[in-house]
Asks: 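Sending over a structure as structure tokens; questions will come in a sec.
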Amino acid sequence: MAKASVAKLPSMDAHLRLLAPGKVSDDDKLVEYDAMLLDRFLEIVQDLHGEGIRETVQECYELSAEYERTHDSKKLDELGNVLTSLEPGDSIVVASSFSHMLNLANLAEEVQIAQRRRTKPKKGYFESNLEETFKRLIGELKKTPEEIFDALKNQTVDLVFTAHPTQSIRRSLLQKHGRIRNSLTQLCAKDITPDEKQELDEALQREIQAAFRTDEIRRTQPQPQDEMRAGMSYFHETIWKGVPKFLRRVDTAPKSIGINERLPYNAPLIQFSSWMGGDRDGNPRVTPEVTRDVCLLARLMAANLYFSQIEDLMFELSMWRCSDELRLRADELHRSSKKDAKHYIEFWKKVPPSEPYRVILGDVRDKLYNTRERARQLLSSGISDIPEEATLTNVEQFLEPLELCYRSLCACGDSPIADGSLLDFLRQVSTFGLSLVRLDIRQESDRHTDVLDAITRHLQIGSYREWPEEKRQEWLLSELRGKRPLFGSDLPKTEEIADVLGAFDVIAELPSDGFGAYIISMATATSDVLAVELLQRESRVKKPLRVVPLFEKLADLEAAPAAVERLFSIDWYRNRINGKQEVMIGYSDSGKGAGRLSAAWQLYKAQEELVKVAKEYGVKLTMFHGRGGTVGRGGGPTHLAILSQPPDTILGSLRVTVQGEVIEQSFGEENLCFKTLQRYTVGTLEHGMQLPISPKPEWRALMDEMAIVATEEYRSVVFKEPRFVEYFRLATPELEYGRMNIGSRPSKRKPSGGIESLRAIPWIFAWTQTRFHLPVWLGFGAAFKHVIKKDPKNLLILREMHNDWPFFRVTIDLIEMVFSKGNSGIAALYDKLLVSPDLLPFGEQLRANYEETKDLLLQVADHKTLLEGDPYLKQRLRLRVPYITTLNVYQAYTLKRIREPDYAVPHISNDKLNSNKTAAELVKLNPTSEYAPGLEDTLILTMKGIAAGLQNTG
């Protein structure tokens with residue numbers, strides 16, 4: 001590749017000038033890595049599209065950087081003029097360039113963070129480390145090593161992968177990004193030879209060019225099966241090997257505090273579940289057939305992974321010494337298998353009795369083969385000629401021969417061999433089971449009400465929907481205590497009712513170990529849970545799924561403790577749950593309905609009350625946290641999020657969703673996978689042994705008062721302002737969100753309706769794109785202003801809360817981080833270009849509120865500038881901002897041209913368009929768009945780029 005001299009920007013020196021005077025340290029490598037990737041990228045842009053495009057990219061960068069330094073809105077106008085003068089093909093190339101540059105900046109950041117953690121942890125920063133945590137628990141909290149080890153081996157973290165559409169980057173690009181990251185890591189390592197450096201540099205340039213040449217845009221909407229395959233690919237690439245690697249570390253870490261006992265291989269430390277293909281809440285594409293396919297596909301994937309690994313294990317365990325128990329089993333299998341094995345008859349001829357472990361494992365391999373093929377046949381045709389008894393039907397059947405091999409090796413003095421690959425395999429089987437992940441089923445409570453209403457009307461006993469709660473409970477319990485069937489094949493069924501009952505039929509049909517919980521979204525009452533219990537019984541589910549109410553809206557969270565208490569007071573239900581209950585709390589809809597401050601406080605209080613109720617009835621409660629990736633949907637650093645939960649609400653049992661782009665950020669490569677598992681494990685252990693402090697009475701009183709004011713402020717704008725919805729849809733790309741094709745689920749639960757029917761993801765996404773983040777901060781300023789004006793001493797109390805109360809500190813720090821990503825000047829540009837003149841004063845009023853809230857937040861945090869306490873994050877954001885600003889301006893002007901087709905659209909002749917062959921090809925990628933050439937792709941590329949730059953989608 002021809003080398004071209006780098007013009008003014010972006011270069012390392014330019015980045016350093018941009019950072020001044022806020023540079024963190026001269027030895028920080030982030031700027032160097034960022035500049036290295038960008039230099040390579042600009043060379044590629046010039047080679048592929050010419051020097052003119054490269055100069056345009058750099059000119060846009062310079063104007064954006066100048067705006068960030070001066071906040072002069074004229075620079076945005078100049079930038080808009082440059083961008084709108086581009087031909088359609090060139091417009092796509094420039095938008096794609098900035099999107100790719102942001103992805104490269106993220107990769108440089110990931111490499112730098114990994115290096116910093118290994119070589120120079122930042123002062124005062126606690127990285128979740130097992131050994132350090134153990135020592136701190138002993139030294140500071142006076143816990144004994146035995147107490148720590150006992151808590152560790154009995155705790156459970158269940159990570160639930162969801163298909164919520166927030167991952168805007170295509171899977172093929174994510175894989176290329178992984179290779180770029182690996183090449184950069186190796187290139188920046190010490191002690192590489194000049195030849196190795198040249199090879200790695202060439203590989204780096206190849207991968208960057210391959211990524212740039214890959215279409216960033218999903219041209220079709222993914223199906224639920226596609227989402228499931230994308231989610232499960234992380235198991236193939238990092239999690240499958242990452243789990244035993246992490247558990248080996250957990251196994252050896254207690255030695256640092258004098259515990260020489262091994263962690264039991266079947267300790268339920270880490271578990272995985274999924275909503276992909278089971279979450280039917282508002283998604284008509286998740287049908288019973290889809291759920292069945294996804295379950296079988298997961299079983300097929302698991303068998304494939306095990307089958308490949310057990311063959312390696314068979315070659316490893318070639319020794320002949322074994323216990324009498326194993327020898328007897330091997331002899332029996334050897335005799336029978338020579339007659340019966342269909343697929344491996346040649347193998348059995350070659351295995352002598354002197355290799356007994358291979359005989360045992362060979363039998364397991366046969367069963368795995370049958371398990372895999374049966375799943376494949378059922379998936380493709382619905383029937384299989386392989387009998388179920390020839391397969392592995394439960395995890396105990398799988399583990400038993402492996403345990404036999406382990407015992408035998410230990411008995412013969414071969415413990416070091418047993419504790420190698422075989423122990424890893426035992427841990428994988430114990431963690432992943434036969435289904436890789438357990439599939440949760442989620443359905444909205446109203447859908448169950450529809451079914452039961454159809455049943456009661458068919459039985460001519462009235463309308464279940466119209467019954468009061470007390471009558472519903474009475475009838476449901478009488479049916480649950482009885483034995484008669486409720487309905488037969490003559491029940492009149494609408495398409496919706498058939499869909500609900502079809503899901504229960506799938507649960508009854510497939511192996512129970514493939515399922516996790518049944519989640520009831522929009523749960524409001526005790527009858528919601530009893531209804532699902534009854535429908536499971538009526539569908540003849542042999543091993544009913546645990547039923548988990550999901551309380552989401554503010555009013556439902558307030559009513560949740562009473563609803564759960566009523567459940568626990570029912571003898572039938574307490575006998576059913578055997579002393580264990582799971583309750584899910586939703587961060588997204590509570591925030592959308594009341595604002596972040598009020599939602600966070602109500603979530604905190606609801607958990608406290610639910611724990612009290614559970615203790616009263618002797619029930620072990622597991623809280624299931626439905627967190628998203630953004631602050632507006634409960635996102636934030638894992639370790640801090642766990643430690644900020646109320647006392648007694650985790651106690652060794654945590655369930656949490658991992659959504660969209662967070663899956664890639666947590667499991668995208670091996671080091672990330674290890675760190676993620678460690679953070680959850682350490683955070684859960686620390687929360688249980690170091691109970692967070694309870695808020696003081698005066699803190700509670702202040703929070704209650706602020707929550708009332710914040711809720712009123714938020715709702716007065718979002719729900720009571722007559723023209724807010726009109727303003728929202730004009731000032732943001734909410735209406736264009738669906739064109740990104742990043743998920744199978746519709747953006748609304750119901751096709752019609754306003755903000756209340758809009759899902760939390762597009763709601764947050766739209767405001768994030770404009771860098772205004774209204775759902776996150778709205779209400780905070782009014783709350784702070786109210787209590788400080790009422791009594792200036794309250795400011796000191798708020799600062800005390802920020803210093804001493806983890807919940808409040810995390811809440812404030814996350815809002816401060818959101819403000820550091822925001823920019824009211826950018827939001828003003830969207831208003832200027834897109835909002836009708838009569839609504840402009842409303843936007844100005846909101847931006848004044850934004851600035852006032854930011855100032856009040858800094859007073860509460862006792863900071864002079866945003867991110868004063870985290871200069872590293874501040875530096876990373878500064879490096880990305882000029883790219884994001886360019887895309888913001890690009891997006892605003894593109895939306896203007898889309899919504900007003902006559903606005904400044906130059907006539908493009910075919911000859912001129914085709915003068916750049918590559919540009920013409922890019923335009924033709926989307927020939928069916930109703931917009932002017934290139935506009936739709938340009939818009940989507942700006943959406944993706946901004947999401948990458950802010951590291952948040954929804």
Side-chain angles (χ1 to χ4, degrees), residues 59-86 91 94-95 98 717-718 721-737 765-778 819 821-854 881-906 931-932 935-936 938-943 945-946 949-950:
E59 181 183 4
C60 292
Y61 181 96
E62 290 185 24
L63 288 169
S64 294
E66 186 65 24
Y67 167 74
E68 294 299 331
R69 285 192 288 270
T70 65
H71 301 291
D72 181 359
S73 61
K74 291 180 181 178
K75 295 298 176 184
L76 299 182
D77 296 335
E78 290 179 40
L79 182 56
N81 290 334
V82 172
L83 295 171
T84 54
S85 68
L86 295 172
S91 178
V94 172
F98 276 90
V717 172
V718 175
E721 172 58 48
R723 299 188 65 184
F724 175 78
V725 173
E726 181 185 358
Y727 173 80
F728 164 59
R729 288 181 171 150
L730 288 172
T732 74
E734 184 263 331
L735 293 173
E736 292 79 10
Y737 163 79
F765 168 87
W767 290 111
T768 301
Q769 286 282 300
T770 65
R771 287 165 65 188
F772 199 43
H773 307 286
L774 178 138
V776 181
W777 59 263
L778 185 59
F819 271 110
K821 293 182 176 183
N823 189 311
S824 60
I826 294 296
L829 176 68
Y830 281 81
D831 274 19
K832 172 184 169 183
L833 294 174
L834 303 172
V835 172
S836 55
D838 55 324
L839 281 173
L840 289 176
F842 180 59
E844 291 172 3
Q845 181 183 342
L846 289 177
R847 290 193 294 279
N849 191 341
Y850 172 97
E851 295 296 337
E852 183 180 38
T853 301
K854 181 170 64 174
V881 159
Y883 311 120
I884 302 170
T885 294
T886 298
L887 290 171
N888 278 130
V889 175
Y890 222 160
Q891 183 178 99
Y893 277 93
T894 303
L895 285 169
K896 176 79 169 177
R897 294 170 68 177
I898 284 174
R899 295 174 184 178
E900 299 178 28
D902 296 331
Y903 171 77
V905 179
Y931 303 147
L935 285 186
E936 181 168 341
T938 299
L939 176 64
I940 295 172
L941 289 167
T942 65
M943 291 181 182
I946 293 168
L950 297 176

Asks: Residues two or more places apart in sequence or in another chain: which of them pass salt bridge (Lys or Arg N to Asp or Glu O under 4.0 Å) with Lys74?
Replies: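 Counting only residues at least two positions away or on another chain, Lys74 forms no salt bridge (Lys or Arg N to Asp or Glu O under 4.0 Å).
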Asks: If you take all heavy atoms of Ala731 and Asp831, which pair is closest and at what distance?
Replies: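 What the structure gives for the nearest pair is CB-OD1, 3.5 Å.
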Asks: Look up atom CG in Leu774 and atom CZ in Phe728, then write down how far apart they are to the nearest 0.5 Å.
Replies: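 One gets 9.5 Å once the value is rounded to the nearest 0.5 Å.
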Asks: For Ala65 versus Pro882, what's the shortest heavy-atom pair and its separation?
Replies: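 It is N-CB, 4.1 Å.
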Asks: So which heavy atom on Pro837 is nearest to which on Pro841, and how close?
Replies: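 For Pro837 versus Pro841, the nearest heavy atoms are O-CD, 3.6 Å.
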Asks: With side chain to side chain contact (heavy atoms under 4.5 Å, CB included) as the test, would you mind laying out the steps for Tyr830 and Leu895 before giving the verdict?
Replies: CA-CA 9 Å; Tyr830 281 81; Leu895 285 169; 4.2 Å; yes
Asks: Mind checking the CG-NE2 spacing from Leu778 to His773? Nearest 0.5 Å is all I need.
Replies: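 Between Leu778 CG and His773 NE2, I get 14.0 Å after rounding to 0.5 Å.
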Asks: Rounded to the nearest 0.5 Å, what separates atom OH in Tyr883 from atom CD1 in Ile946?
Replies: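 The distance works out to 15.5 Å.
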Asks: Do Tyr893 and Val889 have side chains that get closer than 4.5 Å, going by heavy atoms?
Replies: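 In contact.
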Asks: Would you say Trp777 and Asn849 make side-chain contact, with heavy atoms under 4.5 Å?
Replies: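 Sidechains of Asn849 and Trp777: in contact.
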Asks: Measuring centre to centre across the rings, with the benzene-like ring taken for any Trp, is Tyr850 within less than 6.0 Å of Phe819?
Replies: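 Yes; Phe819 has its ring centre under 6.0 Å from that of Tyr850.
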Asks: Parallel, tilted or perpendicular, judged at 30° and 60°: which one describes the rings of Tyr727 and Phe724?
Replies: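 Correct class here is tilted.
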Asks: Which residues pass the side chain to side chain contact (heavy atoms under 4.5 Å, CB included) test with Ser91, sequence neighbours left out?
Replies: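 Ser91: side chain to side chain contact (heavy atoms under 4.5 Å, CB included) contacts with Leu86, Tyr890, Thr938.
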Asks: Does the pair Lys896 and Thr84 meet the rule for a side chain to side chain contact (heavy atoms under 4.5 Å, CB included), with working shown?
Replies: CA-CA 11 Å; Lys896 176 79 169 177; Thr84 54; over 6 Å; no
Asks: Only one of His71, Glu844, Glu851, Lys854 forms a side chain to side chain donor-acceptor pair (under 3.5 Å) with Ser824, so which one is it?
Replies: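 Output: one option passes, namely Glu851.
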Asks: Return the CG to CD distance between Leu839 and Glu721, rounded to the nearest 0.5 Å.
Replies: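 So the CG of Leu839 and the CD of Glu721 are separated by 8.5 Å.
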Asks: Passes side chain to side chain contact (heavy atoms under 4.5 Å, CB included), Tyr67 versus Ile826? Steps please.
Replies: CA-CA 10 Å; Tyr67 167 74; Ile826 294 296; 4.1 Å; yes
Asks: Kindly indicate, with the supporting measurements, whether the criterion side chain to side chain contact (heavy atoms under 4.5 Å, CB included) is fulfilled by Phe842 and Val835.
Replies: CA-CA 10 Å; Phe842 180 59; Val835 172; over 6 Å; no
Asks: Side chain to side chain donor-acceptor pair (under 3.5 Å) between Ser64 and Thr886: does it pass, once the steps are laid out?
Replies: CA-CA 6 Å; Ser64 294; Thr886 298; 2.5 Å; yes
Asks: Could you tell me if the side chain of Asp77 sits less than 4.5 Å from the side chain of Lys832, heavy atoms only?
Replies: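 Lys832 reaches Asp77 side chain to side chain.
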Asks: Can you tell if the side chain of Asn888 reaches within under 4.5 Å of the side chain of Leu829, non-hydrogen atoms only?
Replies: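 No, their side chains stay 4.5 Å or more apart.
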Asks: Would a 4.5 Å heavy-atom cut-off, applied to side chains only, mark Ile884 and Leu950 as touching?
Replies: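 Yes, at least one pair of side-chain atoms sits under 4.5 Å.
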Asks: Just verifying a value: how many Å separate Ile940 CD1 and Thr894 OG1, rounded to the nearest 0.5 Å?
Replies: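 Rounded to the nearest 0.5 Å, the CD1-OG1 separation comes out at 11.0 Å.
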Asks: Rounded to the nearest 0.5 Å, what separation is found between the CG atom of Asp72 and the CD atom of Glu78?
Replies: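 The distance works out to 8.0 Å.
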Asks: Do Arg771 and Thr885 have side-chain heavy atoms sitting under 4.5 Å apart?
Replies: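 Counting from C-beta outward, Arg771 and Thr885 do come under 4.5 Å.
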Asks: State, to 0.1 Å, how close Ala95 and Leu941 come at their nearest heavy-atom pair, and which atoms those are.
Replies: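 Heavy atoms only, the tightest pair is CB-CB, 4.0 Å.
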Asks: Is the backbone of Thr732 close enough, under 3.5 Å, to the side chain of Gln769 for a donor and an acceptor to pair up by distance?
Replies: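 A pair under 3.5 Å: no.
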Asks: Can you see which heavy atom on Arg729 is nearest to which on Arg899, and at what distance?
Replies: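 Closest approach of Arg729 to Arg899: O-NH2, 3.4 Å.
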